[in-house]
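Below is one structure, written out as structure tokens; the observations come after it.
Atoms within each ligand, like the ligands themselves, are counted from 1 in listed order.
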Amino acid sequence: MATALFESTIKSLPLLGRGKVRDIYAVDADKLLIVTSDRLSAFDVILPDPIPDKGRVLTAMANFWFAKLGHIIPNQLTGIDPETVVAAGERDQVRGRALVVKRLQPLPIEAVVRGYVIGSGWKDYQDTGAICGIALPAGLRQAARLPAPIFTPASKAEAGDHDENISFEQAQARCAAMLPGLDGAALAAQARDAAIALYSEAAGYAAGRGIIIADTKFEFGVDKAGTLHLIDEALTPDSSRFWPAGSYREGISPPSFDKQYVRDYLETLDWGKKAPGPRLPADVIEHTATKYREAYERLTGQKLA
Ligand SMILES: Nc1ncnc2c1ncn2[C@@H]1O[C@H](COP(=O)(O)OP(=O)(O)O)[C@@H](O)[C@H]1O
Ligand SMILES: [Mg+2]
């Protein structure tokens, strides 16, 4: 079994912080090193067991999409090899799992795009006939495809909190309040249009590979000139719902390539979904690792190097 990296320990660069999955270091005033660990978070709790190769899968998949979608909007990539910005003895911690990115100011929203009625969207639709206030046709069944993809932003919660769905107007107001000196409302509109375009092209490509991208979350950041960029990760099983097209049908919650498998296992436990998370059995770890690799190989048609 491949070895897994729970946490990077780079000493040659200042550590700026650890997210649920990524460790972020400063390379200089305008570049970051983002190391994608093998940590898995479920229900916003980091589980104690890492998933072998998960960080490499996420990094390879995000790179695949950055290359494919670069014509829609500029992205964070610098093209700098992460192995060149750390000490020689630290190279194995970044190989295949890290990016050197432009250090941008993140918009304070999660740019969620939904193409199907599932998850919190399905719940919202059942309660209100709309998703995040966007009116939808009556009579949609669970997992139904929407007439057109919709933008349903969420607030980016502080560590430990859950993100909350907000209206587009609230997203504009947040961007205006938290990006002084910039036209936050216009940036939010630009992020919405970019998110819809990115999702649409990616979903069209994935459909040809037998994968439905039901929904996804993007993050955007701005440089000093106010130019919007795609940042963070994009269109991975952590940030999206991927369904094998073969087992999709309306009326059920389709099985997926993402961490749904772990979530289903966790639902069998008597666990309050608060930290600390439970240990995972070896077979659940192995199966999850396989799911991540499978998603990559099916989507890209390539073996993970
Ligand atoms: N290019 C970038 N510039 C600045 N911040 C970024 C960039 N790319 C990603 N980030 C931030 O780095 C963090 C990534 O770590 P992650 O583990 O995904 O965090 P989270 O727990 O918030 O999901 C996020 O807070 C994201 O907003
Ligand atoms: Mg994240």
Suppose we measure from [atom] to each protein heavy atom; which comes out shortest, and what is that distance?
| atom | value |
| --- | --- |
| atom 12 (O) of ligand 1 | Ile24 CD1, 3.4 Å |
| atom 27 (O) of ligand 1 | Glu219 OE1, 2.7 Å |
| atom 23 (O) of ligand 1 | Lys20 NZ, 3.9 Å |
| atom 3 (N) of ligand 1 | Leu104 N, 3.1 Å |
| atom 15 (O) of ligand 1 | Arg22 CB, 3.4 Å |
| atom 6 (C) of ligand 1 | Ile231 CD1, 3.9 Å |
| atom 19 (O) of ligand 1 | Gly19 CA, 3.6 Å |
| atom 24 (C) of ligand 1 | Asp232 OD1, 3.8 Å |

Does a side chain donor of either [X] or [Y] reach within less than 3.5 Å of an acceptor in the other side chain?
| X | Y | value |
| --- | --- | --- |
| Thr36 | Glu233 | no |
| Tyr25 | Ser8 | yes |
| Asp215 | Tyr199 | no |

Near [X], which atoms of ligand 1 are under 4.0 Å from a heavy atom of that residue?
| X | answer |
| --- | --- |
| Leu32 | 3 (N), 4 (C), 5 (N) |
| Val21 | 17 (O) |
| Lys156 | 22 (O), 25 (O), 27 (O) |
| Val101 | 1 (N) |
| Lys102 | 1 (N), 2 (C), 3 (N) |

Electrostatic pair Asp223:Lys102 at N-O distance under 4.0 angstrom: no
Lys/Arg-Asp/Glu bridge criterion (N-O < 4.0 Å) met for Lys273, Glu267: yes
Residue from Arg97, Lys54, Arg22 passing salt bridge (Lys or Arg N to Asp or Glu O under 4.0 Å) with Asp38: Arg97
Identified salt bridge (Lys or Arg N to Asp or Glu O under 4.0 Å) partner of Asp53 from the options Lys303, Arg293, Lys291: Arg293
Val100 to Pro82 - nearest heavy-atom pair and separation: CG2-CA, 3.7 Å
Close approach, His229 and ligand 1, non-hydrogen under 4.0 angstrom: no
For ligand 1, the portion of Gln76 having any non-hydrogen atom under 4.0 Å away: side chain
Any side-chain heavy-atom pair of Ser200 and Pro149 under 4.5 Å: yes
Lys NZ or Arg CZ of Arg192 over Phe168 ring: under 6.0 Å, within 45°: yes
